[in-house]
> 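Dropping a structure here in structure tokens format, bear with me for questions.
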Amino acid sequence: SGDNGPVSGPSPCLRLPAVLAPTLAIHVYTHREVHGTVGSQVTLACSFWSSEWISEDVSITWLFQPESGKDTISIFHFVKGQPYVDEVGAFKNRMEWVGDPHRKDGSIIIRNLDYTDNGTFTCDVKNPPDIGGKSSQVTLYVFEKVPIRYGVVLGAVIAGVLGLVILVVVIGYLIRYCWLRRQATLQRQLSAMEKGKLQRSAKDSSKRGRQPPVLYAMLDHSRSTKSASEKKSKGGLGESRKDKK
């Protein structure tokens, strides 16, 4: 009766982690805007990131606000693993589910576009217990022909400039290659000419080296011929003297 023992019950310290637990938030991503032409189709891409494992309770919802209206209507749901296109509205026979929640993809396709499809589409994803965060919006513009965006023009200009720079570099390389090849050819020709000159000079020097023996031989031959003729003349004179006697 007078026992002042410990009072049973949950300790405040056990509730502290729940109080300090961080708020979970899911992140949804779409393009800012997409373009399409009348009668064509367009993909409204939607991806998301969740800190939790993708559960069977994941849900994906697409909303649409027309360009000329203020009311937002629901046009698509993915719940309990099944896609559902709302039977009310202009998209019920023109919409296709191409997403995969397990790949964090909630994309849809809208076919046979019309001018009435201009407006803002909102992708909202819930993955309990990760249910916080903001949805993402993409604006669809439907044209008779897709206009050329400034980015496309700028990209074309940049591509043209890069192509011109590459062409100039290639031409410069080819000119340098041809010049080096011509220099190598001229060098070979000069080397060949120098080699020919050396060979001719060697031949001339060898000829000059062989000329003195020939001259000496000619001189010896002329001397021997002269001495023989003198002997003959002397012998003739002696015989004539004998005959006179």
Side-chain angles (χ1 to χ4, degrees), residues 22-160 162:
T23 303
L24 302 178
I26 192 167
H27 302 274
V28 184
Y29 308 95
T30 61
H31 295 292
R32 179 176 297 178
E33 60 183 48
V34 293
H35 306 108
T37 56
V38 175
S40 66
Q41 69 178 35
V42 68
T43 300
L44 300 180
C46 176
S47 60
F48 62 92
W49 179 89
S50 176
S51 59
E52 296 290 330
W53 180 263
I54 305 302
S55 68
E56 296 298 328
D57 296 328
V58 62
S59 65
I60 300 172
T61 303
W62 278 94
L63 307 172
F64 174 63
Q65 181 181 3
E67 184 180 33
S68 58
K70 296 182 179 180
D71 297 332
T72 300
I73 60 174
S74 175
I75 60 174
F76 176 83
H77 293 282
F78 182 91
V79 182
K80 299 296 182 180
Q82 294 295 327
Y84 298 95
V85 178
D86 288 359
E87 296 296 329
V88 180
F91 300 102
K92 60 181 180 179
N93 296 322
R94 300 187 294 123
M95 189 179 299
E96 180 183 354
W97 165 250
V98 292
D100 184 355
H102 293 287
R103 295 185 178 181
K104 299 180 174 61
D105 185 5
S107 304
I108 59 174
I109 290 178
I110 298 178
R111 304 184 187 278
N112 194 20
L113 292 176
D114 193 35
Y115 292 116
T116 57
D117 299 332
N118 283 296
T120 301
F121 293 80
T122 302
C123 180
D124 185 67
V125 183
K126 298 290 187 293
N127 182 39
D130 195 358
I131 58 176
K134 293 183 179 181
S135 57
S136 184
Q137 294 181 338
V138 53
T139 304
L140 172 63
Y141 296 97
V142 181
F143 302 95
E144 183 178 357
K145 293 182 179 179
V146 177
I148 299 176
R149 304 293 298 172
Y150 293 107
V152 175
V153 175
L154 181 60
V157 171
I158 293 175
L162 289 177

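Remember, predicted model here, so these are calculated numbers, not experimental data.
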> What's the verdict on side-chain contact (heavy atoms from CB on, under 4.5 Å) for F48 and Y29, showing C-alpha distance, side-chain angles and the deciding distance?
CA-CA 6 Å; F48 62 92; Y29 308 95; 5.6 Å; no
> Could you give the distance from CE (M95) to OH (Y84), rounded to the nearest 0.5 Å?
15.5 Å
> Identify the heavy atoms of V28 and S136 that sit nearest to each other, and give their distance.
O-CB, 3.5 Å
> What distance do F143 atom CZ and T37 atom OG1 have between them, rounded to the nearest 0.5 Å?
10.5 Å
> Report yes if the side chains of V34 and V138 come closer than 4.5 Å at any heavy-atom pair, otherwise no.
yes
> Identify the heavy atoms of A25 and W49 that sit nearest to each other, and give their distance.
O-CZ3, 4.2 Å
> For the pair V38 and L113, evaluate side-chain contact (heavy atoms from CB on, under 4.5 Å) and give the outcome as yes or no after the intermediate values.
CA-CA 5 Å; V38 175; L113 292 176; 5.9 Å; no
> Return the minimal non-hydrogen interatomic distance between F78 and P101, and the atom names on each side.
CE2-CG, 3.3 Å
> If the plane angle is over 60° it's perpendicular, under 30° parallel, otherwise tilted; pick one for F91 and F121.
perpendicular
> Between G106 and W62, which heavy-atom pair has the shortest distance, and what is it?
O-NE1, 2.9 Å
> Find the distance between CD1 (I108) and SG (C123) and round it off to the nearest 0.5 Å.
8.0 Å
> Check K70 against Q65 and note the closest heavy-atom contact, atom names and distance.
O-NE2, 3.5 Å
> Taking the ring of Y141 and the ring of Y115, is the distance between their centroids below 6.0 Å?
no
> Just wondering, do I110 and L44 contact through their side chains at under 4.5 Å, heavy atoms?
yes
> Please give me the minimum heavy-atom distance between N127 and E52, naming the atom from each residue.
ND2-O, 3.5 Å
> How long is the straight-line distance from NE2 of H27 back to OG of S50, given to the nearest 0.5 Å?
9.0 Å
> To the nearest 0.5 Å, what is the distance between SG (C46) and NE2 (H31)?
10.5 Å
> Indicate whether any N or O donor in one side chain lies under 3.5 Å from an N or O acceptor in the other, for T61 and D124.
no
> With the side chain counted from C-beta on, respond yes when H77 and S59 share a heavy-atom pair under 4.5 Å apart, and no when they do not.
no
> May I ask you to test the V125-I60 pair for a side-chain heavy-atom distance under 4.5 Å?
yes
> Check step by step if side-chain hydrogen bond (donor to acceptor under 3.5 Å, both in side chains) holds for S55 and D57.
CA-CA 5 Å; S55 68; D57 296 328; 4.7 Å; no
> Any carboxylate oxygen within less than 4.0 angstrom of a Lys/Arg side-chain nitrogen, looking at D114 and R94?
no
> So do the side chains of V42 and I109 get within less than 4.5 Å of each other, counting heavy atoms only?
no
> Going from CD1 on I26 to OG on S135, what distance comes out if it is rounded to the nearest 0.5 angstrom?
11.0 Å
